[in-house]
Enquirer: 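Quick one: the structure is below, questions incoming.
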Amino acid sequence: MDIEDLRTFVEVADARGVSAAALRLGVSKSMVSRRLVRLEEELGVQLLVRTTRGASLTEAGTTFRDYAARVSAEIDVARETLLPEGELRGRLRIAAPLSFGPTHLAPVIAEMARRHPLLHIQTCYSDRVVDLVAEGYDCAIRLGYLQDSNLIAKRIGPLYGKLVASPDYVERFGAPEKPDDLVAHQALMQGTEGWQFLDGEKIVNVNPRGRFKADNAVALVAAAVAGLGIAWLPDGITDEYIASGALLSLMPRHPPPSAGIYVVRPPAQYPARKVRVLTEMLIECFDHGATSEGQAALGWT
């Protein structure tokens with residue numbers, strides 16, 4: 001039984017279609033179809049029902065999918081155990097935030113590609129929280145405070161932020177001095193998230209309200225500069241605006257608690273070595289403190 005046939009079947013099952021799986025694997029749809037036919041002939045059972053809308057698992061396919069995924073993962077671990085210093089090969093799919101990704105994370109990912117010329121890397125930059133398993137990603141880089149999930153997370157560095165508003169907004173509406181004051185202000189948010197602030201050693205939770213929302217930090221900082229309200233944003237987004245006077249830092253006695261930068265991956269007993277290598281490179285860059293040379297090189301200081 002060919003290991004690539006197993007991998008292809010798992011991709012089709014997770015992507016729920018031949019076309020999406022072919023895109024993930026970087027091969028033609030006809031190649032995917034041939035592998036599926038070969039695997040079903042080898043097993044003597046039908047694993048998938050193909051339709052014009054995609055593909056769905058049969059009862060046998062549902063049972064076999066987990067075995068195929070486990071075998072593929074174990075083969076990867078075995079190869080890495082036998083050749084721990086060997087070249088990274090295959091494909092690495094990464095989901096990264098659009099707000100920070102192209103400027104702060106892309107240089108690290110590019111350096112990884114330079115060091116490992118046999119590795120194919122595909123990065124999707126979006127502030128949308130992707131479903132790693134359903135959409136076929138090996139890992140994601142996420143910022144802020146992680147929500148509870150079954151994903152495995154590794155913190156690679158701190159993330160600091162602050163409340164900001166334009167001088168015009170502060171002149172018209174004043175500046176909040178404590179967290180409770182925020183209920184009287186327009187908040188610029190990604191959705192319905194809550195904000196956290198420190199009151200001494202205690203964490204205070206606030207549920208702000210506002211009429212302007214966007215799923216991207218760059219859009220929120222533009223709204224803040226335009227005087228539409230108060231935003232909670234990472235320092236890497238606001239530093240240049242504060243330095244130029246376009247934004248003011250607010251409520252210094254009640255800063256937000258430090259958040260984090262994380263690599264998250266689907267649950268599995270062993271992480272793939274390509275994910276471990278990426279994680280180690282990111283830690284080297286981001287986990288040396290706010291004034292480290294690695295962060296300074298990427299504009300974090």
Side-chain angles (χ1 to χ4, degrees), residues 1-83 86-96 116 118-124 126 128-142 148-153 263-278:
M1 194 174 296
D2 193 297
I3 186 64
E4 291 305 321
D5 293 353
L6 292 178
R7 294 186 200 280
T8 299
F9 165 65
V10 172
E11 289 288 358
V12 173
D14 291 347
R16 300 177 183 175
V18 170
S19 298
L23 182 63
R24 292 183 184 184
L25 292 166
V27 300
S28 66
K29 291 189 289 185
S30 60
M31 174 65 74
V32 171
S33 297
R34 285 198 297 271
R35 290 175 179 176
L36 291 175
V37 170
R38 188 165 57 205
L39 181 61
E40 288 179 327
E41 290 177 348
E42 178 77 18
L43 293 170
V45 296
Q46 184 177 1
L47 299 173
L48 293 154
V49 177
R50 289 89 157 169
T51 69
T52 55
R53 295 183 177 181
S56 60
L57 291 169
T58 64
E59 183 178 355
T62 300
T63 300
F64 187 67
R65 186 264 169 213
D66 291 340
Y67 287 104
R70 193 176 307 125
V71 168
S72 298
E74 291 292 342
I75 289 294
D76 288 340
V77 172
R79 285 174 173 170
E80 292 174 2
T81 301
L82 292 173
L83 300 170
E87 270 287 357
L88 293 178
R89 299 171 181 264
R91 182 199 55 166
L92 175 62
R93 294 192 78 220
I94 308 164
H116 302 280
L118 300 181
L119 183 66
H120 295 255
I121 299 178
Q122 178 186 357
T123 307
C124 173
S126 171
R128 177 178 64 89
V129 178
V130 303
D131 185 328
L132 298 187
V133 176
E135 298 183 48
Y137 287 95
D138 297 290
C139 65
I141 302 167
R142 292 182 179 165
D148 291 336
S149 73
N150 64 342
L151 299 176
I152 297 174
V263 173
V264 298
R265 63 178 176 85
Q269 186 175 5
Y270 305 104
R273 186 161 68 96
K274 56 192 175 184
V275 175
R276 293 203 309 270
V277 169
L278 174 64

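Everything quoted here is computed from the prediction, not taken from an experiment. We count residues from 1, following the sequence as given.
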Enquirer: Under 4.5 Å between any side-chain heavy atoms of Leu6 and Val10, yes or no?
Expert: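 Not in contact.
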Enquirer: Can you find a pair of side-chain heavy atoms, one from Arg50 and one from Leu36, that are under 4.5 Å apart?
Expert: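 Result yes, sub-4.5 Å side-chain heavy-atom pair found.
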Enquirer: CD of Gln122 to CG of Leu92: how many Å apart, nearest 0.5 Å?
Expert: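 Output value for this atom pair is 9.5 Å.
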Enquirer: Side-chain contact test, heavy atoms from C-beta onward, threshold under 4.5 Å: evaluate it for Leu278 versus Val263 and give yes or no.
Expert: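 No; the side chains remain at least 4.5 Å from each other.
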Enquirer: With no hydrogens and no angle check, is any side-chain donor or acceptor of Glu40 less than 3.5 Å from a backbone partner on Leu48?
Expert: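 Confirmed, Glu40 side chain pairs with Leu48 backbone.
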Enquirer: So, Thr8 side chain and Arg35 main chain: donor-acceptor pair closer than 3.5 Å or not?
Expert: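 It does not hold such a pair.
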Enquirer: Near Arg16 CZ, under 6.0 Å, is it more than 12 heavy atoms from other residues, nucleotides or ligands?
Expert: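 Count not over threshold, so no.
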Enquirer: Would you mind reporting whether Phe9 and Leu43 have side-chain heavy atoms less than 4.5 Å apart?
Expert: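 They are not in contact (no side-chain heavy atoms under 4.5 Å apart), so the answer is no.
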Enquirer: Could Glu4 and Arg7 be called an ion pair, given the rule that one side-chain N must be under 4.0 Å from one carboxylate O?
Expert: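 Salt bridge between Glu4 and Arg7, a charged N being under 4.0 Å from a carboxylate O: yes.
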Enquirer: Between Leu25 and Met31, is the side chain to side chain contact (heavy atoms under 4.5 Å, CB included) condition met? List the steps.
Expert: CA-CA 10 Å; Leu25 292 166; Met31 174 65 74; over 6 Å; no
Enquirer: Do Thr51 and Ser56 have side-chain heavy atoms sitting under 4.5 Å apart?
Expert: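 Thr51 vs Ser56: side chains apart.
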Enquirer: Testing the basics here: between Tyr137 and Ala95, what is the closest heavy-atom pair and its distance to 0.1 Å?
Expert: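 Closest approach of Tyr137 to Ala95: CD2-N, 3.7 Å.
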Enquirer: Could you pull out the closest heavy-atom pair between Pro266 and Ile152, with the gap in Å?
Expert: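 Where Pro266 meets Ile152 most closely, the heavy atoms are O-CD1, 4.4 Å.
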Enquirer: First locate atom CG of Leu132, then atom CZ of Arg265, and finally report the distance between them rounded to the nearest 0.5 Å.
Expert: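 The distance works out to 11.0 Å.
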Enquirer: For the residue pair Lys274 and Ile121, establish whether any side-chain heavy-atom pair is separated by less than 4.5 Å.
Expert: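 Of all side-chain heavy-atom pairs linking Ile121 with Lys274, none is under 4.5 Å.
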Enquirer: Working to the nearest 0.5 angstrom, can you tell me the gap between Arg93 CZ and Leu23 CG?
Expert: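 Separation between the atoms: 6.5 Å.
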Enquirer: Distance from Gln46 atom CD to Thr58 atom OG1, nearest 0.5 Å?
Expert: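 It is 6.0 Å, given to the nearest 0.5 Å.
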Enquirer: Rounded to the nearest 0.5 Å, what's the gap from CG on Leu118 to CG on Leu88? Could you check?
Expert: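 One gets 9.0 Å once the value is rounded to the nearest 0.5 Å.
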Enquirer: Would you indicate whether the side-chain heavy atoms of Asp14 and Arg65 approach each other to under 4.5 Å?
Expert: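 The answer is yes; the side chains approach within 4.5 Å.
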